[in-house]
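Everything below concerns the one structure shown next.
Only heavy atoms go into these numbers, but all of them, side chains included; no hydrogens, no water, no symmetry mates.
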Amino acid sequence: MGLMISRKTGFYGMGSGFRVTINGKSQGNIRNEETKEYEVPEDQLTGSLQISFSLLKSKPYYYDLRKNPQLQLEVVMNPAVVLIYLFLFAALIFVAWNLLLLIAALAAFSIFLAFMLQQAFLIREVAK
């Protein structure tokens with residue numbers, strides 16, 4: 001029994017491998033547009049999966065291989081993170097002429113980073 005994981009994150013982290021962690025143990029890296037199968041021991045048919053890259057992480061995905069023995073998962077960038085990041089980046093550029101607005105934009109960007117670093121990637125089941 002195993003987990004089949006495909007990474008489809010587009011140009012984000014394209015040249016780098018994302019760390020795959022199953023039940024708290026690192027299982028190596030997965031590269032962009034790569035699909036890997038990870039065998040899971042019989043005593044770990046339920047557990048958690050997390051993807052990370054530098055400070056960016058996914059929320060843990062909890063699986064149960066007793067219900068679905070050949071689970072197929074896909075890792076993608078969280079679209080909310082991408083949109084908010086682009087908006088805040090643009091805001092930083094446009095408010096650079098005013099120090100108070102720049103400080104407010106930097107504060108908003110810092111808050112965004114604190115909340116979104118732990119959910120930068122989405123792990124979802126692939127429809128068969």
Point to revise | Worked check of side-chain hydrogen bond (donor to acceptor under 3.5 Å, both in side chains) between N32 and T9 | key: CA-CA 6 Å; N32 194 35; T9 52; 3.2 Å; yes
Practice item. Inspect the surroundings of NZ in K59 and state if more than 12 heavy atoms from other residues, nucleotides or ligands are less than 6.0 Å away. Key: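 No.
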Please give me the minimum heavy-atom distance between [X] and [Y], naming the atom from each residue.
X   : Y    : value
N78 : Q119 : ND2-O, 2.9 Å
R19 : N29  : CA-OD1, 3.4 Å
K36 : I30  : N-CD1, 4.2 Å
N23 : G47  : OD1-CA, 3.0 Å
Q50 : P60  : NE2-CD, 4.1 Å
E37 : G2   : OE2-CA, 4.3 Å

Heavy atoms, side chains only, cut-off 4.5 Å: are [X] and [Y] in contact?
X    : Y    : answer
Y63  : L3   : yes
L122 : V75  : no
V76  : F121 : no
L49  : T21  : no

Review point. Salt bridge check: are R7 and E34 linked by an N-O gap of less than 4.0 Å?
Key: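 Salt bridge flag = no for E34 with R7.
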